[in-house]
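Take a look at the structure set out below.
Numbering of ligands and ligand atoms starts at 1, following listing order. Along the sequence shown, residues are numbered consecutively beginning with 1.
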Amino acid sequence: MQERLQKIISAAGAASRRKAEELIVEGCVTVNGRIVRELGTKADPEKDAIKVSGKLIHLPQSKTYIVLNKPRGFITSMKDPEGRPVVTELLKGVKARVVPVGRLDYDTEGLLIMTNDGDLAHSLMHPSHVISKIYLAKVKGIIEDKAIERLEKGVKLREGVTAPARVKKLKKSVANSWVEITVHEGRYRQVRRMLEEVGYPVIKLIRVTYGSLALGNVPLGKYRHLTSDEVKLLKDESAGISKKVAVRR
Ligand code: URA
């Protein structure tokens with residue numbers, strides 16, 4: 001959006017509004033390489049390169065934190081070379097350039113955090129941070145206690161044994177069952193591979209929590225902004241300083 005130059009310069013913290021006016025008149029301000037001396041001049045801080053005394057200025061970016069209820073059939077990526085639908089297409093109305101925190105498979109549904117807070121995203125995904133995630137999985141077959149014990153001890157995958165998971169049986173039909181599985185790692189297709197390894201291929205997988213954050217009643221394919229309390233809890237968790245927090249489900 002076009003704004004007066006002195007307003008942009010002061011919003012960027014480069015000078016007070018009055019000082020910015022002086023700098024403009026003195027010829028210290030350039031827009032896309034051209035000196036601007038007229039006080040009424042407008043520019044677009046998102047598109048134009050504005051320099052004050054030779055230094056490029058940046059507006060502080062406001063942070064956006066979103067939780068999306070990802071449907072199956074979407075890629076957790078900004079673009080797909082194969083042209084498949086990507087999660088950002090579901091964020092109509094979100095102006096900030098948010099990126100996914102970690103990934104969910106094309107076929108997995110549920111909670112996906114998206115943010116432009118690179119520090120938080122990086123910290124949440126760092127392998128040294130143990131953030132637990134809860135998934136609901138519909139599996140082929142009626143899951144037996146023996147399989148649950150294996151999942152809870154750790155399952156041998158090709159890259160090594162998984163950390164112990166917590167598993168609860170939920171419901172069953174004639175041919176399938178649902179389990180709730182809590183994992184503390186973020187390996188590639190982890191839940192699917194763990195369940196496959198113990199003999200129960202996944203038919204449907206939904207992530208319902210990420211650390212302290214719960215999906216709640218966000219409809220499939222829709223999103224909501226996180227509350228400031230939710231952001232704070234996630235920051236604490238990513239910094240490893242949170243106590244055990246009760247997850248709102
Ligand atoms: N585990 C999986 O197998 N898939 C996901 O998308 C997330 C966790």
By the definition salt bridge (Lys or Arg N to Asp or Glu O under 4.0 Å), identify the one residue from R207, R72, R192, K204 that meets it with D105.
R192
Consider every N or O of [X] and every N or O of ligand 1, then say whether any pair is closer than 3.5 Å.
| X | answer |
| --- | --- |
| Y135 | no |
| R189 | yes |
| R103 | no |

Does a side chain donor of either S212 or E237 reach within less than 3.5 Å of an acceptor in the other side chain?
yes
Numbering as shown, the atoms of ligand 1 that approach T108 to under 4.0 Å (heavy-atom distance):
4 (N), 5 (C), 6 (O)
Can you tell me which residue and heavy atom of the protein come closest to atom 6 (O) of ligand 1, and the distance to 0.1 Å?
D105 N, 2.8 Å
Nearest protein heavy-atom contact for atom 1 (N) of ligand 1: which residue, which atom, what distance?
V191 N, 3.1 Å
Between [Y] and [X], is there a salt bridge with N-O shorter than 4.0 Å?
| X | Y | result |
| --- | --- | --- |
| R224 | E230 | yes |
| K169 | D145 | yes |
| E159 | R193 | yes |

Residue portion contacting ligand 1 (non-hydrogen atoms closer than 4.0 Å) for V183:
neither
Separation between CD of E21 and CD of Q6, rounded to the nearest 0.5 Å:
4.5 Å
